[in-house]
Amino acid sequence: MAGARTQSAPPDTRADTDDTLLAVRAAEGDETAFAVLVQRHAPALIRLATSLLGTAAEAEDAVQDAFLNAWRRLPEFQGGAAFGTWMYRIVTNRCLNVLRARRPVSPLEAAGDVPAAEHTVSPARITEGRDAVRELRHALDLLSAEQRACWVLKELDGWSYEFVADAAGISQEAVRARVFRARRCLTQALGAWR
């Protein structure tokens, strides 16, 4: 039939679809493609934000804000970096803004309890573990927001210096310097736990 319009197939949003393709589709207004990206990347980004901010509520807010920002900025996404790296950068920047807006030291009461191990542990070991977590959180509060972000990405999340540099938007040398200073500060602050 001449002039008949053919309907295109719905976008492929299966789990094996490439992030870049999904991002292109999302930039064109495909909400389903963006939902797949959110579902795919949100858990890791929430873990990152929780490590940086210390509370699940703030982490979820930061990641939600980051995804809203990403949705608005998708037409700018050129695919030069992986979509996940781009999101790490947005979440890291959002968390840095939250950390900078905080008072210099957060109260120790904000530190959550250490979850009990599945096996039986003595009350003394549980108390010692909680004390260690509180001290670590207190020591992390002594770091600058930038040092904390680099240290968490490198040491807790295990990312390479290259990835951390991309996520933080700085050079690898700057990442190495921040991680070094953070390690030195944490070593001094946690000296009693060695």
| field | Within one Ile-Leu-Val-Met-Phe-Trp-Tyr cluster: L156 and V164, side-chain cutoff 4.5 Å | value | yes
| Side chain to side chain, L140 and W151, heavy atoms closer than 4.5 Å | yes
| said: Taking CD in Q172 as the centre, count heavy atoms belonging to other residues, nucleotides or ligands within less than 6.0 Å. Is the count above 12? | reply: yes
| request: Starting from the C-alpha separation in whole Å, work towards a yes-or-no answer on side chain to side chain contact (heavy atoms under 4.5 Å, CB included) for R94 and N69. | output: CA-CA 10 Å; R94 178 70 188 118; N69 187 17; over 6 Å; no
| query | Heavy atoms, side chains only, cut-off 4.5 Å: are K154 and V175 in contact? | reply | no
| Does V24 share a hydrophobic cluster with M87, counting links as ILVMFWY side-chain heavy atoms below 4.5 Å and allowing steps through other members? | no
| remark: To the nearest 0.5 Å, atom CD of E58 lies from atom CG of D61 at 7.5 Å
| said: Can you give me the closest heavy-atom contact between A66 and I90, atom names plus distance? | reply: CB-CG2, 3.5 Å
| message | With heavy-atom distances below 4.5 Å as the criterion, would you say the side chains of V179 and E155 are in contact? | response | yes
| field | Same apolar cluster (I L V M F W Y, side chains within < 4.5 Å links), V36/W71 | value | yes
| query | Does any non-hydrogen side-chain atom of L142 lie less than 4.5 Å from one of Q188? | reply | no
| Transitive ILVMFWY side-chain link V63 to L68, under 4.5 Å | no
| query | If you look at every heavy atom in A182 and L143, which pair is closest and at what distance? | reply | CA-CD2, 3.7 Å
| Salt bridge or not for R100 and E146, using N-O below 4.0 Å? | yes
| query | Got T50 and E60 here, is their nearest side-chain heavy-atom distance under 4.5 Å? | reply | no
| How are the rings of W159 and F163 set relative to one another: parallel (under 30°), tilted (30 to 60°) or perpendicular (over 60°)? | parallel
| query | With a 4.5 Å heavy-atom cut-off, do L22 and F83 have their side chains touching? | reply | no
| said: Are more than 12 heavy atoms, taken from residues, nucleotides or ligands other than Q39, located less than 6.0 Å from that residue's CD atom? | reply: no
| said: Would you compute the distance between atom CG of L45 and atom CZ of R40 and round it to the nearest 0.5 angstrom? | reply: 13.0 Å
| query | What closest approach, in Å, do R89 and D166 show between heavy atoms, and which atom pair accounts for it? | reply | NE-O, 3.3 Å
| remark: Closest non-hydrogen contact found for D157 with L153 is CB-O, 3.4 Å
| query | Under 4.5 Å between any side-chain heavy atoms of H41 and Y88, yes or no? | reply | no
| Does the side chain of L48 come within less than 4.5 Å of C95's, by heavy atoms? | no
| Would you say V91 and V38 are hydrophobically clustered, going by side-chain heavy atoms of ILVMFWY under 4.5 Å? | yes
